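The block underneath contains the structure these notes are about, expressed in structure tokens.
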There are 2 protein chains.
Amino acid sequence: MKKRHTTIKDIAKAAGVSTATVSMILNKKDKNISQPTRERVLRIAKDINYIPNSMARSLVTSQTKTLGLILPDIVNPFFPEIARGAEDRAREAGYSIIICNTDDNVDQENKYIQMLTEKMVDGIILTHSANRNDEMSGLENSRIPIILIDRDYDSPNVLGKVLVDNSRASRDGVNYLIGKGYRRIAYIAGPLNTGTARDRLEGYRMALAEKGIDYDERLVRVGEYRSKWGYEAAASLLDDGMDFEAIFCGNDAIAIGAMKRLRERGIAVPDDIAIMGFDDIYIASMVDPELTTIKQPNYSMGYEAVNMMIDSIQGNKIGKRNLILDTELVVRKSS
Amino acid sequence: MKKRHTTIKDIAKAAGVSTATVSMILNKKDKNISQPTRERVLRIAKDINYIPNSMARSLVTSQTKTLGLILPDIVNPFFPEIARGAEDRAREAGYSIIICNTDDNVDQENKYIQMLTEKMVDGIILTHSANRNDEMSGLENSRIPIILIDRDYDSPNVLGKVLVDNSRASRDGVNYLIGKGYRRIAYIAGPLNTGTARDRLEGYRMALAEKGIDYDERLVRVGEYRSKWGYEAAASLLDDGMDFEAIFCGNDAIAIGAMKRLRERGIAVPDDIAIMGFDDIYIASMVDPELTTIKQPNYSMGYEAVNMMIDSIQGNKIGKRNLILDTELVVRKSS
DNA sequence: CATTCTTGGTTAAACGTTTAACTACATTTA
DNA sequence: TAAATGTAGTTAAACGTTTAACCAAGAATG
């Protein structure tokens, strides 16, 4: 009593036509099929509740209508919106998305690329985890098209990129702070083995340089993209007796951690010290005071990456394409 | 110049054996294959960088090693952990996960079930979106195994459930508040067409009843699971001139919204009014004051659901199985 | 009226695996 | 020594589609 699914053959038999005919009708490649036949076949298909088997189809067309989405960790509030944007565009185009969490582990990433290759996905959207010291990444010898998202990386294998200009965004943010009159601005950075952290730090330095403010490296702390780090770094800045009027943070998580510590020390934000984040994660508008930050277009990144992928799959070989999306300064209460 | 992948046939030819032999070796069903042959085949497979085509395999085995995960919205901070738990267990077992966002739209859910069926996933993990007025749900005539998560629903088609006892958890939470001496406790509920909201409200009433506190319906507001609703409901409670010492909220989002409004009105939490949430989302520990709440085991829910699914796929037909996971009262500063 | 087009299909191969059934030979066992 | 068992494979069908190539008969064209 093996559960057999109804197939195109069943329809063919019931309708008294060949499977080819059925296939053509179901795929609307039916210019030369008579109306009565078409209707009969469609009717029967509906009656027996026919569901196509896309494995079989994929085997012959070598298209799975499936995309892989590899990112560090869906639990990190930065990524769900990306995933959602990706999924939305995918659905519109009839694609589905397999999701993979790497925890920024290159080995894991490589395994996933391999797995997705076996599953014959039509493309991969990748937030690449390679650190600078990249041992040969699986990205390099993948045979399926890859679009990079959020993090830049150079490889002949990537077909496109969707990024933001972190350095510029960061510069704009610091400029805003300077414009508000703050001069001594501390910076709590993320890990410098990531390109985003390097670029953001560079933007910070550029902004200072442009306004003729000296770069004081004692005001800069390098760590991780986590609120725990912000919490620690803020303490260390205070304990070192630095004087500063504002803290620009590598991302919102850091900012929130820092704010927490300042609050514990009885320092008022923004009256005593202003705080600025980066990302505009969901939480940013809910903390007290609401966080001024630089909004990354996460949803759009996901959406556009998939869009680019689909464009390219459908043969509009636009060649290598890079998309730089705009960030937006979101002024709230913390500055 | 069509891009052809290397197949098992290429290996077979190069090794001078049949494809069956290669297949057996690659799948470790190779009891009666000689060691030299085995080594030769493996060698060649590696050399030509062979990658199996799982479409072809799936077609014959009718197993895709893929699971569908249908949930309302991955952007809602409640769900990423579930997704992560699911993905982690899936990966351990060699499965991958297709993710689907329904926005609590039953039509969308049905379309996804259909799509996943076409893709021949081995199972579906579903946070069901049906409201009470459920027009025939696609769940009912799916032919693939379904495991329900977070939201209960009765259907012969579901193979198992992973839930928490919302009513009990809620009762425990309110009991805690009562234990702390609060008597007049308001309740800001989620939408009562969801089972979770109904159960949580019931728990609230039970706790009151047990301690002989009158249920005052003017202290109860019903709305949505969003912080905006908490923000509005808090205002309405205050504006109606109700007196109360604590607010128990249907979830953390509501609680955060309510806290925001109280702050704006200059009401101190917890000194003037205590607040308690439900879920323990990531943000809960970052707001000020940190939110006392009831932790749902989201990661475990995802993990266990997939685990149950895999168990059942692998033939350990344990029959219909329901798993009720424990919640945990997390006492922080807001109460 | 012979030819070409159109209409309405059919046939059969192909996609890349897995797997049940078979073979051929060598070795054990009764 | 005949039968059974073990070893090392091979053959071929099957999974459910798609699609290029073919076909037959009537309609239109020159």
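Numbers restart at 1 for each chain; the letters A, B, ... are given by sequence-line order, proteins then strands. Here the structure is a predicted model, which means the values were calculated and not measured.
In this structure, B:Asp88 pairs ionically with B:Arg84, as a charged nitrogen and a carboxylate oxygen lie closer than 4.0 Å.
Checking side-chain atoms of B:Asp30 against main-chain N and O of B:Ile33 turns up no donor-acceptor pair under 3.5 Å.
Summarising the geometry, the separation between NZ on B:Lys13 and P on D:dT10 is reported as 15 Å, rounded to the nearest angstrom. The nearest whole Å value for the distance from the NZ atom in A:Lys31 to the C1' atom in C:dC5 is 16 Å. Atoms CG (A:Asp30) and C1' (C:dT7) sit 13 Å apart, rounded to a whole Å.
As judged by a 4.0 angstrom heavy-atom cut-off over every strand, B:Ser54 is placed among residues making no nucleic acid contact.
The distance from the OH atom of A:Tyr95 to the CG atom of A:Asp122 is 5.0 Å, given to the nearest 0.5 Å.
The salt bridge (Lys or Arg N to Asp or Glu O under 4.0 Å) analysis of residues 10-22 of chain A, with sequence neighbours excluded, yields the pairs A:Arg4-A:Asp10. The list of salt bridge (Lys or Arg N to Asp or Glu O under 4.0 Å) pairs with a residue in residues 40-51 of chain A, not counting sequence neighbours, reads A:Arg43-A:Asp47.
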Protein proximity profile, nucleotides 10-25 of chain C - base contact B, sugar-phosphate-only contact S, no contact -, cut-off 4.0 Å on heavy atoms
BB---BBBBB------
Residue pair B:Ser54, B:Lys65: steps toward the side chain to side chain donor-acceptor pair (under 3.5 Å) verdict:
CA-CA 9 Å; B:Ser54 49; B:Lys65 295 276 186 182; over 6 Å; no
